[in-house]
Amino acid sequence: MNLLANILQTHPHVHVHDDKRAYVDDALRSMVKDGRKMLHVVADFDFTLTMYEKDGMALPSTFGVIESNDYIKLPDGSLLRDKSSELYAKYHPIEIDVQMEVSEKIPYMIEWWRSAHNLFVLSNLTKSMIRDLVHKSRMELKKGVREFITELLTSQTPILIFSAGLGDVIQFFFEERIPEFQHNHESSHIVSNFIQYDDQGKVISFSEKLIHSFNKNEHEIHDTSYFQTIANRPNAILLGDTLGDIGMTGGMKNLKQILKIGYLNHSTPEKLEVYKNVYDIVICDDQTFDVPNAILNAI
Ligand code: MG7
């Protein structure tokens, strides 16, 4: 039996649109034939590589790791957590509004990210506090992600983590959980929002290029070392969990095959229909990397 048919038969929560079956079959066949030397992987971080809940409890995103505590305070004595929640309550509904045009949402997203970054600067956070918060956090990789990333690194297959979250949190998390993954090493890269610190390690600002949920496609990766790394690798596996994530390969040139794998967390039949139209393979409510590992191992 072929790879796709086998995955679909053994994983009833994995879906491919009927009109895409032939395409996905062909793409997989061609990627397997071309092998690892032609492959690279682009992955979102929050709730794609990480779990969104465990034992019925929501797990934090990279932002959540810093906000969800009851001691980091702003200069007026209020809690960072409360001010961040206010921003979330104001802007998240705009982010997920299905009626509103993306172009209309973008100014609000920029406002949200800038305000959130500003709160971090005002909170007198330091690099060592952030590292500590990450190490103590409940953020957790999906089961099998470690194996997935280690397998890529071992075969020198490049992986780009493309995140609108906080790059520093991802970096500190990997330092602890997957030390082989080194930011901007030959095969492992992170494009995200990075914090700038002063000499004492105090947070002073954020990297100039802001990445929010809807510019992951625009964001030029051309001036990053990753662009060189993938120059001769025309096949890509894209992994995401939001509709904005499908654009992540948008800035890449000369791609031959792209396989877009979407994690649909908290699935509903309506969302599944939308996801099946934009992703090639949709994985519903799954806290493991079994399917990406099955595909990678075949290549
Ligand atoms: N997201 C974006 N911002 C924030 C924030 O300040 N706090 C929290 N808790 N979440 C935020 O990883 C990207 C995702 O993070 C969320 C500024 C957005 O929902 C975005 O999709």
Non-hydrogen side-chain atoms of [X] and [Y] separated by less than 4.5 Å:
X      : Y      : result
Met31  : Leu259 : yes
Val282 : Ile261 : no
Asp280 : Ile258 : no
Leu166 : Ile66  : yes
Pro60  : Arg138 : yes
Met109 : Ile94  : yes
Phe194 : Lys209 : no
Phe162 : Phe45  : no

For the [atom1] atom of [X] and the [atom2] atom of [Y], what is their distance to the nearest 0.5 Å?
X      : Y      : atom1 : atom2 : value
Gln171 : Ile195 : CD    : CD1   : 10.0 Å
Asn193 : Asp168 : CG    : CG    : 9.5 Å
Glu175 : Phe181 : CD    : CZ    : 11.5 Å
Thr288 : Leu141 : OG1   : CG    : 12.5 Å
Asn235 : Lys37  : CG    : NZ    : 14.0 Å
Ile159 : Glu151 : CD1   : CD    : 12.0 Å

Under 3.5 Å, side chain of [X] to main-chain N/O of [Y], donor-acceptor pair present?
X      : Y      : value
Asp82  : Ser78  : no
Asp285 : His266 : yes
Thr126 : Gly201 : no
Lys276 : Lys20  : no
Asp26  : Arg29  : no
Lys105 : Asp97  : yes
Trp113 : Gly165 : no
Asp55  : Met57  : no
Thr249 : Met252 : no

Partner of Thr48 under side-chain hydrogen bond (donor to acceptor under 3.5 Å, both in side chains), chosen from Thr50, Asp44, Asp46: Asp44
So for atom [atom1], which belongs to [X], do other residues, nucleotides or ligands contribute more than 12 heavy atoms lying within a distance under 6.0 Å?
X      : atom1 : result
Lys202 : NZ    : yes
Asp76  : CG    : yes
Glu208 : CD    : no
Gln196 : CD    : yes
His135 : NE2   : yes
Lys73  : NZ    : no
Lys256 : NZ    : yes
Glu180 : CD    : yes

Side chain to side chain donor-acceptor pair (under 3.5 Å) partners of Glu140, counting only residues at least two apart: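 Testing Glu140 for side chain to side chain donor-acceptor pair (under 3.5 Å), a comparison that skips the adjacent residues, returns Lys54.
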Residue list, side chain to side chain donor-acceptor pair (under 3.5 Å) with Asp245, at least two apart or on another chain: Lys216, Thr242
Heavy-atom closest contact ([X] atom, [Y] atom, distance):
X      : Y      : answer
Gln287 : Glu53  : NE2-O, 2.9 Å
Ser207 : Ser192 : OG-O, 4.0 Å
Asp70  : Arg81  : CB-NH1, 3.3 Å
Arg177 : Ser137 : NH2-O, 4.3 Å
Leu8   : Val16  : CD2-CG2, 4.1 Å
Tyr226 : Leu160 : CZ-CB, 3.3 Å

Tell me yes or no: between the side chains of [X] and [Y], is some donor less than 3.5 Å from an acceptor?
X      : Y      : answer
Ser187 : Gln156 : no
Ser155 : Arg36  : yes
Tyr275 : His15  : no
Asp290 : His11  : no
Asn2   : Asp25  : yes

Ring-face cation of Lys127 near Tyr197 (centre distance under 6.0 Å, axis angle within 45°):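 The answer is yes, since Lys127 meets both limits relative to Tyr197.
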Whether Phe63 and His117 hold their rings parallel, tilted or perpendicular, with breakpoints at 30° and 60°: parallel
Within the 6.0 Å centroid threshold, strictly below: Tyr263 and Phe289: yes
Joint hydrophobic cluster, [X] plus [Y], side-chain heavy atoms closer than 4.5 Å:
X      : Y      : answer
Met248 : Ile211 : yes
Phe227 : Leu238 : yes
Val32  : Met38  : no
Tyr52  : Val65  : no
Trp112 : Met100 : yes

Verdict with reasoning, Ser188 to Gln182, per side chain to side chain donor-acceptor pair (under 3.5 Å): CA-CA 6 Å; Ser188 44; Gln182 287 164 38; over 6 Å; no
Derivation and outcome, side chain to side chain donor-acceptor pair (under 3.5 Å), residues His13 and Asp286: CA-CA 8 Å; His13 63 295; Asp286 185 342; 2.8 Å; yes
Full working for salt bridge (charged side-chain N to carboxylate O under 4.0 Å, His left out) between Glu176 and Arg131: CA-CA 10 Å; Glu176 190 191 32; Arg131 187 183 269 119; over 6 Å; no
Stepwise side chain to side chain contact (heavy atoms under 4.5 Å, CB included) check, Glu67 with Phe120: CA-CA 9 Å; Glu67 297 162 2; Phe120 289 171; 4.2 Å; yes
